[in-house]
2 protein chains.
Amino acid sequence: MGEGVEWGLHCCVTLAWLREEGPVPIRRLAAWFDLPQEYLKKRLQALARAGILASTPGVRGGFSLARPPERITLMDVVTALQGPLEPFRCDEIRQRGVGGEGAGSEFARPCGISTAMRRAELAWRRELAAQTIADLMAHAPAGAERTRRNYSRMTG
Amino acid sequence: MGEGVEWGLHCCVTLAWLREEGPVPIRRLAAWFDLPQEYLKKRLQALARAGILASTPGVRGGFSLARPPERITLMDVVTALQGPLEPFRCDEIRQRGVGGEGAGSEFARPCGISTAMRRAELAWRRELAAQTIADLMAHAPAGAERTRRNYSRMTG
DNA sequence: GTCATACTACTCGGATAACATATGTCCGAGTAGGGGTGG
DNA sequence: CCACCCCTACTCGGACATATGTTATCCGAGTAGTATGAC
């Protein structure tokens with residue numbers, strides 16, 4: 001799917017824990033997870049364009065959550081990072097070639113394969129939309145305190 | 001995900017409808033859907049390696065279903081064509097860098113992000129595993145007769 | 001007429017390129033803080 | 001001492017290379033049918 005999705009999710013949780021501290025620059029986040037700084041920036045910019053993160057320029061700038069963690073679902077993050085994945089378009093293939101000749105009104109209804117695939121994809125999205133960043137925070141309660149402590153100790 | 005998945009699915013349904021006719025060569029299937037013949041062969045070879053299709057060489061050879069359609073799920077086809085997609089491995093990133101310092105036993109349990117993503121993926125797989133090729137056939141009952149008629153009329 | 005044999009045409013099988021997308025890197029525009037200078 | 005202004009350092013923002021996976025293509029190995037010739 002793309003590794004940047006995982007990074008974006010982790011960064012969102014971390015930003016939620018550091019919400020009191022103000023904007024967090026990419027430099028800190030990259031060192032935090034030991035990730036390539038420039039590419040991580042690119043991904044977080046995509047999140048900012050989607051309205052999930054807010055970016056503040058300047059010397060004390062950085063990225064911060066644009067909404068409270070309860071209102072950011074995993075679906076939002078995934079959609080923003082990998083784009084709205086195109087659904088199966090079976091109608092294109094099934095009525096080409098000789099196979100579709102004389103089909104008449106059979107192709108009026110949507111393709112069964114398309115329907116089945118879409119149903120599965122919908123289940124996936126539903127699960128993703130049911131979880132928020134706040135839920136992830138609640139999953140590791142000790143992380144909040146540890147994150148703030150480690151963050152204040154960071155030198156760079 | 002890959003367009004070949006859609007092609008493989010359509011070919012499986014067609015092969016199920018033509019099960020009485022014996023093996024169907026790639027040449028016919030490619031003309032059937034107007035698809036690139038060589039690449040379609042590659043994908044069907046993958047399905048054969050997975051034990052979903054049976055390939056018979058020789059001048060009257062071709063591909064045919066290795067199992068009855070009721071025992072082939074969409075999950076089988078998808079897994080065979082795109083490989084067993086690697087699950088989220090968040091543990092790699094979250095305990096790198098300075099962010100994970102002093103985490104103690106917090107990282108003993110699996111990462112919450114990993115869990116949430118896996119749950120969504122599982123819902124997707126469950127939907128795919130619940131549908132079989134036979135279900136897709138039942139979705140378009142008229143297709144069986146049309147397919148057999150068009151197939152016997154094919155010249156090439 | 002029948003059988004064995006060599007041939008041919010067609011199939012699958014895997015190794016090899018072309019392309020797309022995801023990943024990684026670079027330099028420029030803009031802002032806020034800090035220091036210097038004049039009042 | 002205070003206010004104003006310039007300067008620097010740091011940030012984000014988008015444009016530019018590289019790597020990996022998907023799509024497309026090629027040639028070789030093998031098999032079954034078929035024609036041919038001998039018996």
Side-chain angles (χ1 to χ4, degrees), chain A residues 1-8 11 15 21-31 33-66 78-86 88 92-93 154-156, chain B residues 1-8 11 15 21-31 33-66 78-86 88 92-93 154-156:
Chain A
M1 157 184 307
E3 200 162 12
V5 173
E6 172 185 348
W7 303 353
C11 285
L15 285 178
E21 317 284 334
V24 178
I26 287 283
R27 177 183 169 79
R28 295 278 185 103
L29 281 173
F33 292 116
D34 190 23
L35 294 178
Q37 174 174 346
E38 297 302 323
Y39 183 54
L40 182 64
K41 183 171 64 175
K42 189 183 180 69
R43 305 316 274 165
L44 262 59
Q45 281 175 8
L47 287 176
R49 267 193 296 269
I52 295 171
L53 298 186
S55 68
T56 61
V59 59
R60 299 254 168 170
F63 285 95
S64 49
L65 288 187
V78 169
T79 301
L81 285 183
Q82 65 151 28
L85 48 89
E86 74 287 353
F88 253 60
E92 300 299 337
I93 146 175
M154 275 184 89
T155 63
Chain B
M1 157 183 308
E3 200 163 11
V5 173
E6 173 186 347
W7 302 353
C11 286
L15 286 178
E21 318 283 334
V24 178
I26 286 283
R27 178 182 169 78
R28 296 277 186 103
L29 281 173
F33 292 116
D34 189 24
L35 294 178
Q37 174 174 345
E38 298 302 323
Y39 182 55
L40 182 63
K41 183 171 66 174
K42 189 183 181 68
R43 305 314 275 166
L44 261 57
Q45 282 175 8
L47 287 176
R49 267 193 296 271
I52 295 172
L53 298 186
S55 68
T56 62
V59 59
R60 300 254 168 169
F63 286 95
S64 49
L65 288 188
V78 169
T79 302
L81 285 183
Q82 65 150 28
L85 47 89
E86 74 286 353
F88 254 60
E92 301 299 336
I93 147 175
M154 275 184 88
T155 63

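In the text below, chain A, chain B and the rest are named by the order of the sequence lines, each starting its count at 1.
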In whole Å, I'd like the distance from the [atom1] atom of [X] to the [atom2] atom of [N].
{"X": "B/E3", "N": "C/dT21", "atom1": "CD", "atom2": "C1'", "result": "14 Å"}
{"X": "B/L44", "N": "D/dT25", "atom1": "CG", "atom2": "C1'", "result": "17 Å"}
{"X": "B/L81", "N": "D/dT23", "atom1": "CG", "atom2": "P", "result": "10 Å"}
{"X": "A/L29", "N": "D/dC10", "atom1": "CG", "atom2": "P", "result": "18 Å"}
{"X": "A/Y39", "N": "D/dC12", "atom1": "OH", "atom2": "P", "result": "17 Å"}
{"X": "B/L47", "N": "C/dG14", "atom1": "CG", "atom2": "P", "result": "14 Å"}
{"X": "A/I26", "N": "C/dT25", "atom1": "CD1", "atom2": "P", "result": "14 Å"}
{"X": "B/R60", "N": "C/dC12", "atom1": "CZ", "atom2": "P", "result": "14 Å"}

Closest heavy-atom pair and its distance - [X], [Y]:
{"X": "A/L15", "Y": "A/F63", "value": "CD2-O, 3.5 Å"}
{"X": "B/P23", "Y": "B/S64", "value": "CA-CB, 4.3 Å"}
{"X": "A/I93", "Y": "B/L35", "value": "CD1-CD1, 3.9 Å"}
{"X": "B/A50", "Y": "B/A80", "value": "CB-CB, 3.5 Å"}
{"X": "A/G8", "Y": "A/L81", "value": "CA-CD1, 4.1 Å"}

| Which nucleotide in the set C/dG33, C/dT11, C/dG13 lies at the smallest distance from any side-chain heavy atom of B/F63? |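 The closest nucleotide is C/dG13.
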| message | Of the options D/dT11, D/dA24, D/dT31, whose atoms approach the side-chain atoms of A/P25 most closely? | response |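 The closest nucleotide is D/dT11.
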| request: Measure distances between side-chain N and O atoms of B/K41 and base N and O atoms of C/dG13, and say whether any donor-acceptor pair falls under 3.5 Å. | output: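 Counting by modelled atom types and ignoring angles, a donor-acceptor contact under 3.5 Å is found here.
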| field | N/O donor-acceptor pair, side chain B/Q45 with base C/dC12, under 3.5 angstrom | value |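 Checked by distance alone, the answer is no.
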| message | For B/V24 and A/W7, find the nucleotide of DNA chain C closest to each by heavy atoms; which residue's nucleotide sits nearer the 5' end? | response |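 Per heavy-atom nearest nucleotide, the more 5' residue is B/V24.
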| task | Determine the contact category for A/R43: base if any of its heavy atoms lies under 4.0 Å from a base atom, sugar-phosphate if only primed atoms, P, OP1 or OP2 are that close, otherwise nothing. | result |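 Counting heavy atoms under 4.0 Å across all strands, no contact is made by A/R43.
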| request: Report yes if at least one side-chain N or O of A/R49 is closer than 4.0 Å to OP1 or OP2 of D/dG13; otherwise report no. | output: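 No, A/R49 has no side-chain N/O under 4.0 Å of OP1/OP2 on D/dG13.
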| Reckon A/T56 has a side-chain N or O less than 4.0 Å from the OP1 or OP2 of D/dT11? |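 Negative; the distance criterion is not met.
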| said: Quick check on DNA chain D: between B/E38 and A/K42, whose nearest nucleotide comes earlier from the 5' end? | reply: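 The residue whose closest nucleotide sits nearer the 5' end is A/K42.
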